[in-house]
Undergrad: 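Take a look at this one; I'll ask things after.
What you see is a predicted model, and the numbers here were worked out from it, not measured in a lab. When a ligand or atom number is given, it counts from 1 through the structure's own listing order. The first residue of the sequence shown is numbered 1, and numbering continues consecutively from there.
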Amino acid sequence: MIQNSNAREQWGSKIGFVLAASGSAIGLGNIWKFPYIAGENGGAAFIFVYLICIAIIGLPVVVGEVLLGRTTQRNPVGAFRALSKSKIWASVGGMGVIAGFVILSFYAVVAGWSTGYIIESIRGSFFNFDETLTSEVYFNSLTSNVYWNVGFMMLFMALTMGIVYAGVQKGIERGSKIMMPILIVILLILMIRGMTLSGAEEGLAFLFNPEWDKLTGQSVLVALGHAFFTLSLGMGAMMTYGSYMSSKDNILSSSVWIVFLDTLIALIAGIAIFTSVFATGQNPAAGPGLIFQTLPVVFTKVPGGFIFSILFFLLLTIAALTSAISLLEVVISYFVDEKKWKRHRAVLVMGFFAFLIGVPSALSFNILADVKLFGLTFFDTADFVASNILLPLGGLLISIFVAWVWGFDKVLVELKKGAEKVFDESPFIINAWKMFIKYFAPVLISIVFLHSIGVLGLILDLFN
Ligand code: PFF
């Protein structure tokens with residue numbers, strides 16, 4: 001029997017959990033990363049593959065992670081400890097806690113830019129960029145300023161800590177209930193603005209008319225890797241949020257909601273961004289600078305650009321905030337459950353520590369730009385280690401644990417709680433989940449993982 005500590009908080013409602021978990025999923029990944037990787041990988045064909053990855057791997061693993069959390073009512077380390085005696089599995093949870101720090105360290109830097117860009121847009125800075133070159137110079141002048149870069153990152157971390165400090169219900173749940181509706185409304189306004197610009201059709205065609213020849217093996221791997229990142233999988237964020245859930249709630253339907261909202265928001269963000277990028281004749285494949293360098297040019301050119309620029313960076317910052325709180329919460333839940341720290345102390349100490357770890361990433365754009373590990377700056381290293389190693393490896397091990405180690409009979413008993421109706425009326429859904437989590441997820445994630453650490457290339461070379 002797994003003991004429940006009395007002090008452990010729970011979500012106030014099912015919708016509270018769904019909004020908080022969707023808030024974790026919907027973030028810079030949807031609004032900053034998804035549009036630019038779709039742009040770099042040819043648009044519609046890439047999106048098609050991405051949707052398949054989300055459905056056959058993303059959704060089943062979300063269910064698995066939330067289930068681990070809800071069953072054990074523990075942080076990622078405690079969750080594995082509760083179900084297995086082996087230290088190896090507890091260290092998978094530990095890897096999640098470390099990933100929380102690592103992701104937060106570069107995430108808070110980009111989120112800091114977004115926060116700083118709210119101020120820039122209010123100051124009316126995005127009025128005079130006739131071409132990307134000038135907005136690029138502007139972006140570089142801001143990020144090369146140590147005070148600007150570290151200062152806004154610090155402000156963003158302080159906001160994140162403030163919400164987590166207030167607790168699960170009063171901070172994370174309440175914050176998500178306020179911020180998520182605002183996010184959706186702003187995004188709809190921006191989508192309508194984009195679609196009513198003349199020339200918007202070209203942007204829509206780019207997103208929805210597949211050109212299959214543009215799809216490469218590499219894009220398939222990028223799509224699967226991104227499916228993980230965008231759904232906050234592989235590091236115990238969904239597990240931690242699941243641990244505040246009661247067994248009365250239906251994990252299957254909640255997970256479908258989370259995945260649906262995350263995908264919908266990525267697509268709407270794609271529409272809002274590409275319709276305006278095409279309508280103003282900008283390059284859709286501009287890469288990571290799409291948001292911070294191309295969009296300011298768009299704002300200069302479209303009617304109402306002043307107000308839309310403020311709305312856009314507000315949206316981006318809100319999205320980043322609801323994700324960053326989940327990253328910090330993974331760390332906090334570990335210190336509260338396992339080390340018996342008080343939440344407030346954990347937030348202050350670990351939040352500050354996460355900020356310190358992020359400083360080298362923030363300095364990667366100025367004084368530490370030339371300091372490289374394996375050819376990558378601190379910022380790029382943190383992104384690479386998290387997105388290409390920690391998350392896929394974590395996701396792989398979590399799906400193996402749920403499908404092969406925990407004991408599938410026990411898994412089904414837990415999953416059934418709150419979802420009795422699905423088990424009785426639509427057993428094929430359960431069978432499909434079983435197949436995806438047992439076979440598809442481990443095999444496909446292994447391929448991505450091996451590829452991203454370059455092993456696959458070596459193996460293929462051996463056969464050539
Ligand atoms: N899902 C977030 C995004 O798309 O921006 C990023 C993220 C948040 C990844 C939380 C992992 C995580 F645990």
Side-chain angles (χ1 to χ4, degrees), residues 19-38 50 53-54 58-59 61-62 65-66 68-69 75-76 79 92-114 156 160 163-164 172 176 179-180 183 187 222-243 255 258-259 261-270 288 291 315-334 354 382-395 398:
L19 286 179
S22 311
S24 167
I26 299 164
L28 295 175
N30 303 58
I31 300 168
W32 170 62
K33 214 168 187 182
F34 172 73
Y36 90 72
I37 56 178
Y50 165 78
C53 294
I54 290 280
L59 179 58
V61 180
V62 172
E65 263 205 38
V66 175
L68 269 174
N75 68 96
V92 174
M95 209 169 73
V97 177
I98 293 171
F101 280 117
V102 176
I103 299 182
L104 211 45
S105 73
F106 70 90
Y107 208 80
V109 175
V110 181
W113 297 344
S114 176
F156 178 81
T160 307
I163 297 174
V164 177
I172 302 178
S176 308
M179 290 190 279
M180 294 311 284
L183 178 142
L187 203 52
V222 172
L224 186 53
H226 186 62
F228 259 84
F229 186 79
T230 190
L231 292 173
S232 307
L233 291 177
M235 55 152 287
M238 288 296 163
M239 212 183 290
T240 305
Y241 275 13
S243 76
S255 303
I258 297 163
V259 171
L261 285 173
D262 182 71
T263 310
L264 187 72
I265 299 292
L267 291 176
I268 298 182
I291 296 297
L315 162 82
L316 191 63
T317 308
I318 290 180
L321 194 54
T322 54
S323 298
I325 57 181
S326 72
L327 288 163
L328 186 58
E329 182 60 24
V330 172
V331 174
I332 300 309
S333 68
Y334 168 75
D383 187 2
F384 179 84
V385 169
S387 312
N388 298 332
I389 299 178
L390 296 176
L391 293 190
L393 184 60
I398 289 169

Undergrad: Taking 4.0 angstrom as the limit and counting only heavy atoms of Ala25, give me the atoms of ligand 1 inside it, by number and element.
TA: 1 (N), 2 (C), 3 (C), 4 (O)
Undergrad: Considering only non-hydrogen protein atoms, determine which one is nearest to atom 11 (C) of ligand 1 and report residue, atom name and distance to 0.1 Å.
TA: Ser232 CA, 3.5 Å
Undergrad: Show the numbers, then the answer: is there a side-chain contact (heavy atoms from CB on, under 4.5 Å) between Met239 and Ile398?
TA: CA-CA 10 Å; Met239 212 183 290; Ile398 289 169; 3.8 Å; yes
Undergrad: Under a 4.0 angstrom heavy-atom cut-off, which atoms of ligand 1 come close to Gly27?
TA: 3 (C), 4 (O), 5 (O)
Undergrad: Does any non-hydrogen side-chain atom of Ile103 lie less than 4.5 Å from one of Leu391?
TA: yes
Undergrad: Can you name the atoms of ligand 1, numbered from 1 with element, that are less than 4.0 Å from a heavy atom of Ser24?
TA: 1 (N), 2 (C), 8 (C), 10 (C)
Undergrad: Taking atom types as modelled, is there a side-chain donor on Ser114 or Thr317 under 3.5 Å from an acceptor on the other?
TA: yes
Undergrad: Relative to the heavy atoms of Tyr107, which atoms of ligand 1 are at a distance of less than 4.0 Å?
TA: 2 (C), 3 (C), 5 (O), 6 (C)
Undergrad: Pull out every atom of ligand 1 sitting under 4.0 Å from any heavy atom of Leu28, numbered as shown with elements.
TA: 5 (O)
Undergrad: Considering the heavy atoms of Ala237, write down every atom of ligand 1 situated less than 4.0 Å from one of them.
TA: 13 (F)
Undergrad: Report yes if Phe229 has an N/O atom closer than 3.5 Å to an N/O atom of ligand 1; otherwise report no.
TA: yes
Undergrad: Purely on distance, is any nitrogen or oxygen of Gly29 under 3.5 Å from one on ligand 1?
TA: yes
Undergrad: Hey, are the side chains of Tyr50 and Thr230 touching, using non-hydrogen atoms and a 4.5 Å cut-off?
TA: yes
Undergrad: Would you say that Leu327 contacts Tyr107 through its side chain, given a criterion of any heavy-atom pair below 4.5 Å between the two side chains?
TA: yes
Undergrad: Any chance the side chains of Asn75 and Ser243 put a donor and an acceptor closer than 3.5 Å?
TA: no
Undergrad: Is Leu28 close to Lys33 at the side-chain level, that is, under 4.5 Å between some pair of heavy atoms?
TA: no
Undergrad: Show which atoms of ligand 1 fall inside a sub-4.0 Å distance from at least one heavy-atom site of Ser326.
TA: 10 (C)
